[in-house]
2 protein chains.
Amino acid sequence: MPRNANSVNMKKAKDAYHHGDLRAALVAEALSLLEKRDLEQLSLREVARNVGVSATAVYRHFPSKDDLLKALAERGLAMLGEQQQRAAARAEGRTAFAQTGRAYVRFALAHPNLFRLVFIHTPARLRPGKGSAEGLPASLLKDYVTLGLGAKASDEQVFAAALRAWSLVHGLAMLILDEQVDRKAAEAMIDRVIG
Amino acid sequence: MPRNANSVNMKKAKDAYHHGDLRAALVAEALSLLEKRDLEQLSLREVARNVGVSATAVYRHFPSKDDLLKALAERGLAMLGEQQQRAAARAEGRTAFAQTGRAYVRFALAHPNLFRLVFIHTPARLRPGKGSAEGLPASLLKDYVTLGLGAKASDEQVFAAALRAWSLVHGLAMLILDEQVDRKAAEAMIDRVIG
DNA sequence: GCGGCATGTTAGCAGTGTAAACATTGACGA
DNA sequence: TCGTCAATGTTTACACTGCTAACATGCCGC
């Protein structure tokens, strides 16, 4: 259900006491701040200030800062997945899987703080067995690996291959973000590493 | 030069106004706290409190909290490297390189907060070219890869292979720490992923 | 029209990192 | 031997944080 089903004719004026859709505005502002500030210097109060609302108004929509971050993380996760899907669709061929990997790294480099947040604030995604993985990126991963290995592959084989592929792109992204590796050189190597 | 060259006959009593080696005590206490609390809830004031010293005394030894963290990160990096070396030495054979990878993951799982800190608070380690890498772990990595590829390998080849190997273990460690992956299943797969 | 409830507000608390001013003391030169 | 000085502590204070409690406003359904 839409969060704001019956707010159609709410006032939108900026000076209105009631905001209209404060929750969405907070998420949007926080996402925008994450493009500039990093996670540990993102404050509830600043988000509220920028939206033009008192700090404690946030608590009408999120029980705690952590829950706001969780909402951001979910958005980030979805964005990441969509970007991977688009990249795969563009490729069409059997390079589609590799394209999702490249898209993963590209997303990390484009939105470092959001990318990090995604992995801090959301639990267990991939596990062995039939059950679908949680979250679009993990789900895409499992599907492509299953496809690549063929129907005769065991759960264990699928899990191992998926874990390996994910580790590779995740590690690469993280090492570049954390400046553990010469950035320019590493970026030039992305294709060769993922290949 | 040793930081405390002429403090041999300083008082060590706990009620002494001067501490003796406060810097070391702070680092030790902070490291110990990192085994229990995670980074964002590690406070300067608590470290100082536990050492029995006022909060601002810290600033006689570190310009800012960030600099204390940097010192911790350096210790962590050294510990990680030593553990990798020990693992390699135990193996002796040509599986030595793989053992450094396993040690890397083991260290991350054993000291998650310190491990994370290492990569937040220290810049550029690995880059292409003759220059030795910065930090023991990156240096070991480069050496083993060079050894494995033989003398005829180009700088680019060495860099690509090292980057790939590092990404693999780093990603695996991070995904497990961030609970993106079923922990038990992933731990059982470590050998297969690194292999 | 009106009452209630969702959604805002202000005030205040405990905790943080850090700067400034002051206190203590161990080591060294007279 | 002793006085001074630099190193290393302390207290106080500030701006900021996340968060709770008590109060204010105004949209919605009756």
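Each chain gets a letter, A, B and so on, in the order its sequence line appears, and its residues count up from 1. All values below were derived from every heavy atom in this structure, side-chain atoms included, with hydrogens, water molecules and symmetry-related copies excluded.
- Residues from residues 64-74 of chain A lying near DNA chain D, meaning a heavy-atom separation below 4.0 Å, are A:S64, A:K65 in numerical order.
- Applying the salt bridge (Lys or Arg N to Asp or Glu O under 4.0 Å) criterion to B:E134, with sequence neighbours excluded, gives B:R127.
- Applying the side chain to side chain donor-acceptor pair (under 3.5 Å) test to residues at least two apart or on different chains, the pairs with a partner in residues 24-35 of chain A are A:E29-A:N50, A:E35-A:H111.
- Out of D:dG9, D:dT20, C:dG17, the shortest distance to the side chain of B:Y59 is found at C:dG17.
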Give me the distances for all protein-to-nucleotides 3-6 of chain C N/O pairs that come in under 3.5 Å?
none

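- If you measure from atom CZ of B:F62 to atom P of D:dT8, you get 12 Å, rounded to the nearest angstrom.
- Considering only residues two or more places apart in sequence or on other chains, B:K36 meets the salt bridge (Lys or Arg N to Asp or Glu O under 4.0 Å) condition with none of them.
- Take A:R60 and apply the side chain to side chain donor-acceptor pair (under 3.5 Å) test, not counting sequence neighbours, and it matches no residue.
- The separation between B:R60 atom CZ and C:dT18 atom P is 14 Å, rounded to whole Å.
- Atom CG of B:L26 is separated from atom P of D:dT8 by 12 Å (rounded to the nearest Å).
- The distance between atom NE2 of A:H61 and atom P of D:dC19, rounded to the nearest whole Å, is 16 Å.
- Of the two residues near DNA chain C, A:T56 and B:P63, the one whose nearest nucleotide lies more 5' is A:T56.
- Residues in residues 78-103 of chain A take part in these ring pair (Phe, Tyr, Trp, His ring centres under 6.0 Å) pairs, two or more places apart or across chains: A:F97-A:Y144.
- Applying the ring pair (Phe, Tyr, Trp, His ring centres under 6.0 Å) test to pairs two or more places apart or on separate chains, none has a residue in residues 172-195 of chain B.
- Every pair tested for side chain to side chain donor-acceptor pair (under 3.5 Å) that includes a residue from residues 72-83 of chain B fails, sequence neighbours excluded, so the list is empty.
- Pairs of residues two or more places apart, or lying in two chains, never qualify as ring pair (Phe, Tyr, Trp, His ring centres under 6.0 Å) while including a residue from residues 173-195 of chain A.
- Taking atom CZ of B:R37 as the reference point, atom P of C:dG15 lies 13 Å away to the nearest angstrom.
- Sorted by residue number, the members of residues 39-46 of chain A with any non-hydrogen atom under 4.0 Å from DNA chain D read A:L42, A:S43, A:L44, A:R45.
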Verdict with reasoning, A:E179 to A:R183, per salt bridge (Lys or Arg N to Asp or Glu O under 4.0 Å): CA-CA 7 Å; A:E179 297 176 44; A:R183 175 148 186 169; over 6 Å; no
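- At D:dA7, none of the side-chain N or O atoms of B:R23 fall inside 4.0 Å of OP1 or OP2 (strictly under the cut-off).
- Taking both residues in full, the closest heavy atoms of B:K142 and B:G129 are given as NZ-O, 2.8 Å, listed atom of the first, atom of the second, then distance.
- Judged as a side chain to side chain donor-acceptor pair (under 3.5 Å), and not counting sequence neighbours, the contacts of A:Q180 are B:R125.
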